[in-house]
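No experiment lies behind these values; they were computed from the predicted model shown. Quick note on labels: first sequence line is chain A, next is B, and so on, each numbered from 1. Side chains included, hydrogens not; waters and symmetry mates left out as well; all remaining heavy atoms used.
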There are 2 protein chains.
Amino acid sequence: MDIGWDDLRTVLALVRHGSLAAAAKHLDVSYTTVSRRITRAEAGLNLTLFERLADGYRPTETAVLVAEHAARMDAAEHDLLRKLRGRDSTLTGPFVLTAPQLLIANFLAPVLDRFCAAHRQVELRVRATNDLLDLNRREADLAIRISHSPGDTLMGLRLTQQHNASFANPEWADQITANPSGPVDWLIYDQYPDVPKAAMQAHLGSRVRMRFDDMVAMLGAAQAGLGVVRTPMFLGRTTPGLVQVPVLPPHPYADIWVVGHPDVWPSAKSVAFRDVLVDYIKAQRALFVA
Amino acid sequence: MDIGWDDLRTVLALVRHGSLAAAAKHLDVSYTTVSRRITRAEAGLNLTLFERLADGYRPTETAVLVAEHAARMDAAEHDLLRKLRGRDSTLTGPFVLTAPQLLIANFLAPVLDRFCAAHRQVELRVRATNDLLDLNRREADLAIRISHSPGDTLMGLRLTQQHNASFANPEWADQITANPSGPVDWLIYDQYPDVPKAAMQAHLGSRVRMRFDDMVAMLGAAQAGLGVVRTPMFLGRTTPGLVQVPVLPPHPYADIWVVGHPDVWPSAKSVAFRDVLVDYIKAQRALFVA
DNA sequence: TGTCCGGCGTGCAAATATGCATGTATGGAT
DNA sequence: ATCCATACATGCATATTTGCACGCCGGACA
């Protein structure tokens with residue numbers, strides 16, 4: 001009764017991902033290898049861990065037990081690798097940053113540029129996504145996030161407050177100037193689905209023309225003149241073809257934070273990046289507020 | 001920055017055991033393999049984990065950190081394998097019992113015999129030692145111990161109380177009968193180093209003739225007539241050539257327990273062994289008490 | 001019904017890991 | 001001074017592990 005640790009890890013991956021191919025992708029081996037490691041694990045433990053079904057491997061109760069313990073081992077490994085990263089005092093090698101797409105595209109590019117210029121040896125990898133990557137599992141070293149708090153177990157630095165306001169293309173702006181209480185067409189972002197009542201009353205006859213699940217698409221529609229959007233100041237101001245319109249007064253919006261796992265936070269690369277970032281933000285703070 | 005789990009385990013073994021050869025023995029591979037796995041781990045992490053010294057590998061601070069986390073993984077593995085054993089409902093395969101040497105030699109042999117006869121498929125392994133094996137680390141499935149409680153995190157069943165008393169060879173017995181208050185020579189076991197005052201006063205002129213760290217040796221000396229020993233009833237009674245002498249009155253001694261880890265306790269083989277054991281002990285309880 | 005696709009098993013060659021044998025260095029015992 | 005034991009490095013042959021190519025199966029779909 002014995003099992004190698006790499007085989008345990010393989011059982012975990014298969015329980016988590018359900019098929020040989022999926023597990024193999026996460027482990028970065030071929031599914032053939034996964035298959036044979038599972039066979040070996042079952043032989044070593046003298047137990048059946050999976051039922052082979054037509055649509056994949058189904059874990060037995062025993063395999064779930066195995067996977068639970070392997071998950072503890074997995075957590076310990078992540079914990080270790082985070083701590084090792086935190087102790088890394090070099091300014092060389094990989095460094096992974098994640099931030100919302102639009103923040104990178106419309107604002108952060110100069111920060112990335114300066115950081116890379118100052119630290120030529122660092123291999124910066126940017127993960128531009130609105131998904132919250134799991135910093136516990138080392139999906140990124142540092143994250144820039146728009147939220148009210150750094151979050152659960154993470155450390156954070158609040159970079160700036162920000163406001164949002166209403167923006168539209170110049171034709172809409174002219175029209176609103178000409179008729180300040182006329183109706184407007186709204187473009188609405190799913191995550192902020194309600195139009196303030198005051199705006200509806202001040203502009204009788206307004207309607208929600210479209211709803212979007214994607215901010216990039218919505219801003220594009222606004223540029224094309226499809227309507228008025230409510231968006232953070234920095235986005236409205238940095239998107240060509242949009243101007244602020246006096247439909248909504250500026251309103252406080254979620255803050256911008258730089259957050260990281262406490263273990264990784266003190267690493268040299270993380271410190272260096274924050275230096276550049278904070279420096280730049282200080283100079284640019286006016287962009288974010290009314 | 002990456003490391004295989006088996007390599008982590010190897011780092012742990014090397015930190016724990018200090019030399020390639022020692023680590024290799026515990027991992028059941030050759031020290032060459034350990035050496036190369038360490039090299040690979042260091043390359044993978046891009047860190048120095050050990051200083052190569054003339055008298056072995058010395059772990060760096062980093063390696064200690066790695067080992068701490070690997071130890072958590074190790075604990076999770078032991079936890080898992082214990083639980084798997086506990087779920088084992090077969091009466092086949094290996095089963096490891098540990099008990100004090102003398103308990104096995106002088107009393108338990110019939111239990112082992114009956115258990116093996118009843119369960120021919122079980123490969124019984126007996127570890128006769130006075131050391132307390134680590135049941136957390138699966139050094140044994142079940143232990144029979146002489147102690148006041150089952151201990152820390154273990155489960156237990158108290159098999160019997162017992163008494164101790166004074167024993168010697170027949171010549172000493174005759175001599176004591178002839179002169180009930182005459183001096184006696186004591187043979188003393190290190191773990192119970194004091195002779196009761198009452199006995200010294202009742203037998204003026206008595207002395208401690210020798211001290212032993214080993215009960216087998218001490219009983220041998222008593223058989224040879226070197227003096228009087230204080231020993232559990234069952235040992236005095238089952239050691240040929242010894243008879244009880246009225247120097248010390250019987251006195252309560254530590255109980256006999258069968259203990260196991262709660263995870264392993266319910267396994268079929270463990271249950272089956274306890275059945276045979278408890279059955280036998282019930283019939284033999286008189287042997288242990290005055 | 002024929003085709004495609006996801007999911008899997010298997011033979012074989014290549015890549016990788018392992019063990020053995022041998023060689024070096026160091027410290028202690030004779 | 002010499003010998004021995006411990007601890008490690010390294011070349012080489014062997015074992016094991018891996019990936020690829022190919023084939024099988026069942027279900028979805030035109």
Tell me the interatomic distance from [X], atom [atom1], to [N], atom [atom2], rounded to whole angstroms.
X: B:L27; N: C:dA17; atom1: CG; atom2: P; answer: 16 Å
X: B:D28; N: C:dG19; atom1: CG; atom2: C1'; answer: 12 Å
X: B:E51; N: D:dA7; atom1: CD; atom2: P; answer: 17 Å
X: A:L53; N: D:dC25; atom1: CG; atom2: P; answer: 17 Å
X: B:R58; N: D:dA7; atom1: CZ; atom2: C1'; answer: 15 Å
X: A:W5; N: C:dA17; atom1: CH2; atom2: P; answer: 19 Å
X: B:R37; N: D:dT16; atom1: CZ; atom2: P; answer: 14 Å
X: A:D55; N: D:dG26; atom1: CG; atom2: C1'; answer: 10 Å

Could you check whether [X] gets within reach of a base, just the sugar-phosphate, or nothing at all, counting any heavy atom under 4.0 Å?
X: A:R36; value: base
X: B:Y57; value: sugar-phosphate
X: B:T32; value: base

Q. Taking the six-membered ring for Trp, are A:F273 and A:F95 parallel (under 30°), tilted (30 to 60°) or perpendicular (over 60°)?
A. tilted
Q.
Under a 3.5 Å distance rule, please check whether A:H261 uses its side chain to pair with a backbone N or O of A:D263 as donor and acceptor.
A. yes
Q) Can we call the ring centroids of B:F212 and B:Y189 under 6.0 Å apart? A) no
Q) Do A:M210 and A:I188 have side-chain heavy atoms sitting under 4.5 Å apart? A) no
